[in-house]
S.K.: 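Have a look at this one.
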Amino acid sequence: MAARVDVPGLVAQAREGRPRAVARLISLVEGAAPELRAVMAELAPHCGGAQVVGVTGAPGVGKSTSTSALVSAYRRTGRRVGVLAIDPSSPFSGGALLGDRVRMSEHASDSGVYIRSMATRGHLGGLSWSAPQAIRVLDAAGCDVVLVETVGVGQSEVDIAAQADTAVVLLAPGMGDGIQAAKAGILEIGDVFVVNKADREGADATARELNHMLGLGEARAPGDWRQPVVKTVAAEGVGVDEVVAAVEKHRGWMEEHGVLTERRARRAAREIETIAVTALRERIGELRGGARLDALAGRVLGGTLDPYGAADELLAELTEAG
């Protein structure tokens with residue numbers, strides 16, 4: 001029999017900044033433990049204070065190095081920082097393959113920094129399914145800033161736009177980013193753009209082309225946010241303070257125009273929807289073990305019922321059973 005988890009005590013310890021308590025809470029989140037509902041209810045009154053910053057971009061642009069440099073920059077200002085580094089999942093264990101905590105080991109002894117690697121576990125879009133709840137844990141634990149580093153799969157990493165207050169998109173010269181700038185995908189969701197490895201040849205050209213492409217975007221009304229392009233050499237800490245300044249400027253703009261509250265409301269709505277849809281899928285999955293779903297599938301194959309009609313019947317039965 002599993003030991004009972006003292007959720008209120010665990011949350012209280014996390015609020016005091018105890019790393020083991022924070023780690024335990026995130027593990028409960030990742031494992032979808034029976035205590036998850038109680039954890040979220042206990043955390044709810046303490047959430048909403050953290051600034052959530054997403055860091056995304058194609059593989060090789062230096063996301064982990066940039067994230068580590070941002071941690072250092074925020075710590076210099078005295079802010080507590082939480083990092084969620086989303087890694088691709090091992091097809092064998094389901095765990096995270098890369099282990100960003102190793103790559104950010106310089107912050108390991110800093111009590112004002114908490115770093116956690118999370119596996120995608122097959123979830124597309126660059127984030128882990130449990131990332132929103134893990135963000136809540138770090139928020140309630142007193143982190144002033146939560147940095148969320150995505151997997152690095154390319155243009156499909158748009159989930160971060162829905163989870164972050166500010167999305168920072170990284171590019172690098174010599175990686176085809178000039179062409180990518182003209183395409184749909186992650187470049188459409190950036191609030192701040194960073195050309196990293198700016199000491200390499202072609203960095204100025206990449207920044208110019210990016211500024212040009214941004215200028216060709218939708219017409220902006222006076223006062224609309226204009227995404228800045230910042231050049232950095234994250235490995236040397238060059239330009240990182242300018243990235244932090246751009247993020248802070250974006251936050252100020254959002255607060256002034258009511259965008260921050262709007263984004264967070266959409267984030268909460270999406271989180272509710274995801275939980276509800278997941279619960280519905282689980283209930284449908286339970287039906288697969290019985291004859292009802294097979295019967296509906298047989299009627300569709302036999303031409304006596306169309307898929308939409310079958311889905312309507314299924315939803316009606318789930319609603320009645322609920």
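Each residue takes its place number in the sequence, starting with 1.
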S.K.: Applying the 4.5 Å side-chain criterion to the ILVMFWY set and letting contacts propagate, would Val5 and Val137 be lumped into a single cluster?
M.R.: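 In one cluster with Val5: Val137, yes.
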
S.K.: Please tell me if the side chains of Gln51 and Asp144 come closer than 4.5 Å, counting only heavy atoms from C-beta onward.
M.R.: no

S.K.: Are Ser27 and Arg116 packed together at the side-chain level, in the sense that at least one heavy-atom pair is separated by less than 4.5 angstrom?
M.R.: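 Result yes, sub-4.5 Å side-chain heavy-atom pair found.
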
S.K.: Can you tell me how far CZ of Arg4 sits from CD of Glu35, rounded to the nearest 0.5 angstrom?
M.R.: 9.0 Å

S.K.: I would like to know whether Leu214 and Glu209 meet side chain to side chain contact (heavy atoms under 4.5 Å, CB included); could you show each step before the answer?
M.R.: CA-CA 9 Å; Leu214 290 172; Glu209 185 167 1; over 6 Å; no

S.K.: State, with a plain yes or no, whether a side-chain heavy atom of Leu171 is found less than 4.5 Å away from one of Val194.
M.R.: no

S.K.: Are the side chain of Asn196 and the backbone of Ala172 linked by a donor-acceptor contact shorter than 3.5 Å?
M.R.: no

S.K.: Answer with yes or no whether the side chains of Thr206 and Arg200 bring together a donor and an acceptor at under 3.5 Å.
M.R.: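 No, no side-chain donor-acceptor pair sits under 3.5 Å.
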
S.K.: Begin from the C-alpha positions of Lys231 and Phe193 and carry the test side chain to side chain contact (heavy atoms under 4.5 Å, CB included) through to its verdict.
M.R.: CA-CA 9 Å; Lys231 291 187 291 184; Phe193 290 92; over 6 Å; no

S.K.: Does this structure show an ion pair linking Arg299 with Glu313, if we count only N-O contacts that are shorter than 4.0 Å?
M.R.: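 Between Glu313 and Arg299 there is a salt bridge, with a charged N closer than 4.0 Å to a carboxylate O.
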
S.K.: Do the non-hydrogen side-chain atoms of Val55 and Thr150 ever get within less than 4.5 Å of each other?
M.R.: no

S.K.: Could you give me the CA-CA distance, side-chain angles and deciding distance for Arg267 and Glu273, then say whether salt bridge (Lys or Arg N to Asp or Glu O under 4.0 Å) is met?
M.R.: CA-CA 10 Å; Arg267 184 192 311 168; Glu273 180 184 0; over 6 Å; no

S.K.: Same cluster for Leu305 and Leu293 if Ile/Leu/Val/Met/Phe/Trp/Tyr side chains link at under 4.5 Å?
M.R.: yes

S.K.: If every non-hydrogen atom of Val81 is compared with every non-hydrogen atom of Leu147, which pair is closest and at what distance?
M.R.: CG1-CD1, 4.1 Å

S.K.: Please assess His107 against Val83 for the test side chain to side chain contact (heavy atoms under 4.5 Å, CB included), listing each intermediate value before the final yes or no.
M.R.: CA-CA 11 Å; His107 304 293; Val83 179; over 6 Å; no

S.K.: Side chains of Asp191 and Thr166 only: does a donor on one sit below 3.5 Å from an acceptor on the other?
M.R.: no

S.K.: Tell me if a side-chain donor or acceptor on Thr77 pairs with a main-chain N or O of Tyr74 at a distance below 3.5 Å.
M.R.: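 At least one qualifying donor-acceptor pair exists.
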
S.K.: First locate atom CE of Met213, then atom CG of Leu210, and finally report the distance between them rounded to the nearest 0.5 Å.
M.R.: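 The CE atom of Met213 sits 9.0 Å away from the CG atom of Leu210.
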
S.K.: My understanding is that only one of Val22, Val39, Leu28 makes a side chain to side chain contact (heavy atoms under 4.5 Å, CB included) with Leu10; could you say which?
M.R.: Leu28

S.K.: Identify the two heavy atoms, one from Leu296 and one from Ala310, that lie closest to each other, and give their separation to 0.1 Å.
M.R.: CD1-O, 3.9 Å

S.K.: Just wondering, are more than 12 heavy atoms of other shown residues or ligands nearer than 6.0 Å to CD in Glu201?
M.R.: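 No, CD of Glu201 has 12 or fewer neighbouring heavy atoms, counting only those of other groups under 6.0 Å.
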
S.K.: Flag yes if Leu36 and Leu43 sit in one hydrophobic cluster, no otherwise; membership is Ile, Leu, Val, Met, Phe, Trp, Tyr, and two members link when side-chain heavy atoms are under 4.5 Å apart.
M.R.: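 Yes, Leu36 and Leu43 fall within the same hydrophobic cluster.
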
S.K.: Assess whether a salt bridge exists between Glu271 and Arg136, defined as any Lys/Arg side-chain N lying under 4.0 Å from an Asp/Glu carboxylate O.
M.R.: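 Counted as a salt bridge, because a side-chain N and a carboxylate O are separated by less than 4.0 Å.
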
S.K.: Is any side-chain heavy atom of Pro132 closer than 4.5 Å to one of Gln163?
M.R.: yes

S.K.: Do Ser68 and Glu106 have side-chain atoms, one donor and one acceptor, less than 3.5 Å apart?
M.R.: yes

S.K.: Minimum heavy-atom separation for Asp224 and Trp253, please, with both atom names.
M.R.: C-NE1, 3.9 Å

S.K.: Go through the steps to decide whether Gln227 and Val192 satisfy the test side chain to side chain contact (heavy atoms under 4.5 Å, CB included), and finish with yes or no.
M.R.: CA-CA 5 Å; Gln227 301 99 317; Val192 175; over 6 Å; no

S.K.: Count the heavy atoms of every other residue, nucleotide or ligand shown that sit under 6.0 Å from CZ of Arg226, and state whether that count exceeds 12.
M.R.: yes

S.K.: When you compare the side chain of Ile26 with that of Leu138, does any pair of heavy atoms fall below 4.5 Å?
M.R.: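 Contact flag for Leu138/Ile26 side chains = yes.
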
S.K.: Charged N to carboxylate O under 4.0 angstrom, Glu256 versus Arg251?
M.R.: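 Looking at Glu256 and Arg251, the cut-off is not met.
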
S.K.: Over all heavy atoms of both residues, which pair between Ala234 and Ser66 is shortest? Give the atoms and the distance, please.
M.R.: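 Heavy atoms of Ala234 and Ser66 come nearest at CB-OG, 3.5 Å.
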
S.K.: Nearest 0.5 Å, what's the OG-CD distance between Ser130 and Glu30?
M.R.: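 Answer for the OG-CD pair, Ser130 versus Glu30, is 5.0 Å.
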
S.K.: Is the shortest heavy-atom distance from the side chain of Thr56 to the side chain of Leu170 under 4.5 Å?
M.R.: no

S.K.: Which heavy atom of Gly57 sits nearest a heavy atom of Lys63, and at what distance?
M.R.: O-NZ, 3.2 Å

S.K.: Strictly below 4.0 Å, N to O, side chains only: are Glu255 and Arg263 in salt-bridge contact?
M.R.: no

S.K.: Heavy-atom distance under 4.5 Å between the side chains of Val53 and Val148, does that happen here?
M.R.: no

S.K.: Identify, with sequence neighbours excluded, every residue that meets salt bridge (Lys or Arg N to Asp or Glu O under 4.0 Å) alongside Arg264.
M.R.: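 Scan of Arg264 (salt bridge (Lys or Arg N to Asp or Glu O under 4.0 Å), adjacent residues dropped) gives Asp165.
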
S.K.: Please say yes or no: joined through hydrophobic side-chain contacts below 4.5 Å, possibly via intermediate residues, are Val71 and Val233 part of one cluster?
M.R.: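 Val71 does not cluster with Val233.
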
S.K.: Mind listing the closest non-hydrogen atom pair of Ser64 and Glu149 along with its distance?
M.R.: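 For Ser64 versus Glu149, the nearest heavy atoms are OG-OE2, 2.8 Å.
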
S.K.: Do the side chain of Asn211 and the main chain of Ala207 share a donor and acceptor less than 3.5 angstrom apart?
M.R.: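 Checked: pair present.
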
S.K.: Hydrophobic cluster membership, with links at side-chain heavy-atom distances under 4.5 Å among I/L/V/M/F/W/Y: are Leu314 and Val300 in one?
M.R.: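 No, Leu314 does not connect to Val300 through the hydrophobic network.
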
